[in-house]
Structures are given as structure tokens and as C-alpha cells.
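One structure is given here, and the rest of the page talks about it.
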There are 2 protein chains.
Amino acid sequence: MSATNTAVTPQVAAPIPEGPCGDDDCGIRDVLDRLGDKWTVLVVVELAKGVRRFRELERAIPGISQRMLTLTTKRLWRDGLVERTVYPTIPPQVEYRLTPVGHSLAGMVNGLADWSREHKDAIATARATWDADQEADRL
Amino acid sequence: MSATNTAVTPQVAAPIPEGPCGDDDCGIRDVLDRLGDKWTVLVVVELAKGVRRFRELERAIPGISQRMLTLTTKRLWRDGLVERTVYPTIPPQVEYRLTPVGHSLAGMVNGLADWSREHKDAIATARATWDADQEADRL
DNA sequence: CTGGATCCGGACTGATACTG
DNA sequence: CAGTATCAGTCCGGATCCAG
């Protein structure tokens, strides 16, 4: 961090060659990186329905592992999208709920879900057609 | 897929063996898997501005490799989100442009971008605060 | 109940070299 | 210019065991 002495530092310390950011691709990445991972969206959707405890989330999202649930909720918590309330009882009890920002994200996600449902068939069809064409071309 | 005798051909017959699918997490995965990978969004955003050739896309998206651009465009093409026009000239020339469906996706993406820009700071702040708190707790 | 720590296999990505 | 093929490095996700 001390810029005073670091004369050379042959490190590849140039991983921020971001350039474009001209119109639309500015902070998109931040959001999509999160939406990209399998579970974040599902957790958000589930929490959009109301307050949930750890176990409840786990049960509500078939296939998620404790590890992933922990990581996902932690990230959402860290980003201020989820509020985490701990009751120091025995056994422990932790409640998760969306913050206002989290709710707005849930809104976006629902928009995506709508789009997805709306174009799902079209995409599937296009894909099938494409595959068929490729097959045909090779023969 | 050549259905020889399919009398009815239940196109959408697949009831989607998904477990939950109760409200919102039906086909979301399909879309987000695509939005998740680093480049798809950027390509879509770029193509939303107009027709682009391969090289143009490559230049417009700093950091993308030919390989990734090829894969990304191919996937979008396959899904019917992008149209691919080949001019058998010398040298070859290939144009990419969004299909109507692709444009609607671009619309969604822009919505995400707006949301992202709107809450970017809030998230950054929350994250910083969170990190600080964690630090504090350990001391 | 909640969640941290570790091991490990698979998927995705990027760099490079080659073809038409 | 447009695209394919190969290879190696990285990271994510899942399973498991352990702790408060």
C-alpha cells in the first residue's frame, strides 16, 4: 500500500484495465456475478415470501447444500440485501429476511422469471432447430 | 428427433420434473445460467446498439478472447437470440444482430443495469460496513 | 440448529497455435 | 477476417466432519 517505496513492483498489478463502461456495462457485472451463481436467486425468491430460518431455507430449496446456503446467505447479508437476526437460544435460531434493497432485487428477479417463462419455449425451439440444422449440415 | 409416427406430438408435454417450481423459480435457471457467464451480457448489450461483425465485437469488448466470443455468440445464436449472417466473400464477413427475442432480453438486461447502478453504492457501503464489523468482532 | 473447515472432482476460462 | 483445437490453470460446488 505504501506508494512511497514501491518503485518497481513487477507484480502484474494491472488487473483493472476496465475501459468500456461507456453506456450499459458499468456496474452490471457486480449484480450478475451474484445472480449468476446457482443459488442466490433461489434464496432471494424464497425470502421474498417472508422471513425464513436457516433450516427452512434449506428445505425450501431442494438440492442446496449447507455449505452453499451458508455462503449464499452470507454474501447477501454482506451486501445488505438480507438482514440476519440471531436469537442466542438453545438451540440457536437465526432468521433471514430481505431488506428493502433486497426486495427491490427480488422484483428484478421476478421480472427475469417472467421473461424466462415467456420465451422459454421459443428458446427451446430455436435450440432444437439449430441442432437439427447443424446435424443436417454435417451430412 | 424425427418423430416418425407421432400422432399428437405433445410439444410442451414435458411437465418439467422440477421440484419446487411453485412460484418463481421455474425456468429462471435457463436464463440466469446464460446471464451468469461473464460475456453474454456484454455481447448482448453491444449488439443492442446495432449490427456488429466478429472483429467489431471483439474490439468493443475489451478482455474477451476469440474463443469466448465464439462460444458466446454461438450460444446466443443457437438460442435464437442472435441472428448470424455469413457473406462468403474474401475475406469472410459475418454479421451478428439481435433477433426480436434478443432485443427483449436486452431490455431486461438494461433493467438490471439500471438497478445495478441505482444500488451500487448502497451495496458497496453495506459491504464495507460489514467487513468493518467483522473486523471489530474479532478484536 | 447453525455454520465453519477441509478435501476433491468437474466445469469454465484464457492463451496459444492452426485452418479456410 | 472468422473460427476451431488443444492444453493448463482456476474456481465453484458437493460431501463430509467438526464445533458452538
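Values below: all heavy atoms of this structure, side chains included; hydrogens, waters and symmetry mates excluded. Below, chain A is the first sequence line, B the second, and so on; all start at residue 1.
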Fill in the blank from the handout: Rounded to whole Å, CD1 of I64(A) lies from P of dG13(D) at a distance of 10 Å
Fill in the blank from the handout: note: L71(B), atom CG; dA2(D), atom P; distance rounded to Å ~ 16 Å
Fill in the blank from the handout: Side-chain atoms of S65(A) come closest, of dT13(C), dG3(C), dG14(D), to dG14(D)
Practice task
Specify the separation, in whole Å, of atom CD of Q66(A) and atom C1' of dT16(D).
Solution key: 10 Å
Fill in the blank from the handout: Rounded to the nearest 0.5 angstrom, the OG1-CZ distance for T72(A) and R34(A) is 10.5 Å
Practice task
Take the protein atom CE of M68(A) and the nucleotide atom C1' of dC8(C), then report the distance between them rounded to whole Å.
Solution key: 13 Å
Handout entry: R53(A) side chain near dT2(C) phosphate (N/O to OP1/OP2, under 4.0 Å)
Key = yes
Problem - For atom CG of D37(B) and atom C1' of dT13(C), their distance in whole Å - result: 11 Å
Handout entry: Under 3.5 Å: donor-acceptor pair, side chain of S116(A), backbone of L112(A)
Key = no
Problem - Nearest-nucleotide pick for K38(B), side chain only, options being dG14(C), dC1(C), dA2(D) - result: dG14(C)
Fill in the blank from the handout: note: K74(B), atom NZ; dA2(D), atom P; distance rounded to Å ~ 15 Å
Handout entry: Spacing between R75(A) atom CZ and dC12(D) atom P, to the nearest angstrom
Key = 7 Å
Practice task
Could you check whether Y96(A) gets within reach of a base, just the sugar-phosphate, or nothing at all, counting any heavy atom under 4.0 Å?
Solution key: sugar-phosphate
Practice task
Have a look at R67(B) and say if it touches a base, only the backbone sugar-phosphate, or nothing, with a 4.0 Å heavy-atom cut-off.
Solution key: base
Completion exercise
Closest heavy-atom pair, L81(B) versus L105(B), reported as atoms and distance to 0.1 Å, is CD1-CD2, 3.8 Å
Practice task
Consider only side-chain heavy atoms of I, L, V, M, F, W and Y, link residues closer than 4.5 Å, and tell whether V109(B) and I64(B) are in one cluster.
Solution key: yes
Completion exercise
Applied to residues 88-124 of chain B, the ring-ring contact (aromatic ring centres under 6.0 Å, His included) test, sequence neighbours excluded, yields W115(B)-H119(B)
Fill in the blank from the handout: Per nearest nucleotide of DNA chain D, the residue lying toward the 5' end, G63(A) or Q93(B), is Q93(B)
Handout entry: Euclidean distance, atom CD1 of residue I90(A) to atom P of dA19(D) [Å, nearest integer]
Key = 18 Å
Fill in the blank from the handout: Result for 5'-nearest mapping on DNA chain D, choosing between F54(B) and W39(A), is F54(B)
Exercise for the section: Among the candidates dC1(D), dT2(C), dA2(D), find the nucleotide nearest to the side-chain atoms of P91(B). Expected result: dC1(D)
